[in-house]
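Written below as structure tokens is the structure these notes are about.
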Amino acid sequence: IPPQYPRDAARNGITGWVQLEVLVNPDGTVRNAKVLDAKPKGLFEAAAVQAVLRWKFKPKVVNGLPVEQKGAQKIEFNLNSG
């Protein structure tokens with residue numbers, strides 16, 4: 001599920017990125033997403049968090065059982081990415 005490109009950013013041709021820390025549940029769903037950095041600040045963070053909270057990851061498996069994991073995810077906002 002791609003993030004929703006903010007209208008003001010799209011209208012003004014602004015691109016950027018958001019670096020997130022994500023906490024993934026044993027079932028692969030995202031429990032929490034925290035913004036670590038963004039450029040430009042204050043424009044893409046909400047869209048990035050809303051998108052990643054709907055994502056599903058392949059869970060980490062330890063001793064044959066899925067476990068919670070923490071990871072980093074960078075989401076790029078580029079008008080040319082189709």
Side-chain angles (χ1 to χ4, degrees):
I1 300 171
Q4 180 87 24
Y5 212 101
R7 284 188 185 146
D8 287 344
R11 183 174 36 247
N12 294 313
I14 300 171
T15 61
W17 53 265
V18 178
Q19 181 73 37
L20 299 167
E21 177 182 89
V22 294
L23 187 58
V24 179
N25 291 315
D27 67 358
T29 59
V30 177
R31 180 182 339 158
N32 190 29
K34 175 182 165 186
V35 175
L36 299 177
D37 198 8
K39 185 174 182 180
K41 294 196 183 297
L43 189 56
F44 297 111
E45 291 93 323
V49 169
Q50 286 175 355
V52 81
L53 287 173
R54 295 189 313 245
W55 290 3
K56 188 152 184 171
F57 291 85
K58 184 175 180 182
K60 180 178 180 180
V61 176
V62 176
N63 296 326
L65 297 173
V67 296
E68 180 178 279
Q69 65 182 330
K70 190 183 290 188
Q73 181 71 43
K74 185 174 187 177
I75 298 179
E76 304 230 3
F77 289 83
N78 183 339
L79 291 166
N80 298 325
S81 63

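All values below were derived from every heavy atom in this structure, side-chain atoms included, with hydrogens, water molecules and symmetry-related copies excluded.
- Taking the six-membered ring for Trp and thresholds of 30 and 60 degrees, Phe44 and Phe77 have nearly parallel ring planes, at less than 30 degrees apart.
- Between the Trp17 side chain and the Lys74 main chain, no donor and acceptor come within less than 3.5 Å of each other.
- Although no hydrogens or angles enter the test, the distance criterion places no donor-acceptor pair under 3.5 Å between the side chain of Asn25 and the main chain of Asp27.
- At a threshold of 4.5 Å between non-hydrogen side-chain atoms, the residues Val49 and Val35 count as touching.
- Using a 4.5 Å cut-off on side-chain heavy atoms (C-beta onward), Asp37 and Lys39 make no contact.
- Expressed to the nearest 0.5 Å, how far CD of Glu21 lies from CD of Gln73 amounts to 12.5 Å.
- Using a 4.5 Å cut-off on side-chain heavy atoms (C-beta onward), Pro3 and Ile75 make contact.
- Between the CD atom in Gln19 and the CD atom in Glu76 there is a gap of 9.5 Å [rounded to 0.5 Å].
- Taking both residues in full, the closest heavy atoms of Phe57 and Val30 are given as CE1-CG2, 3.5 Å, listed atom of the first, atom of the second, then distance.
- We find the OG1-CZ distance between Thr29 and Arg54 to be 14.0 Å, quoted to the nearest 0.5 Å.
- Closest non-hydrogen pair, Val22 versus Val52, comes out as CG1-CG2, 3.8 Å.
- When all heavy atoms are compared, the tightest approach of Pro26 to Pro59 is O-CB, 3.1 Å.
- Taking CD of Gln50 as the start and CD of Gln4 as the end, the distance is 8.5 Å to the nearest 0.5 Å.
- To the nearest 0.5 Å, atom CG of residue Leu79 and atom CD1 of residue Ile14 are 9.0 Å apart.
- Using a distance-only test at 3.5 Å, with no hydrogens or angles considered, a donor-acceptor pair links the side chain of Glu45 to the main chain of Gly42.
- Linking ILVMFWY side-chain heavy atoms closer than 4.5 Å, directly or via other members, places Leu65 and Val24 in two distinct hydrophobic clusters.
- Note: the hydrophobic cluster containing Leu23 does not contain Leu36 (ILVMFWY, side chain heavy atoms under 4.5 Å, direct or indirect links).
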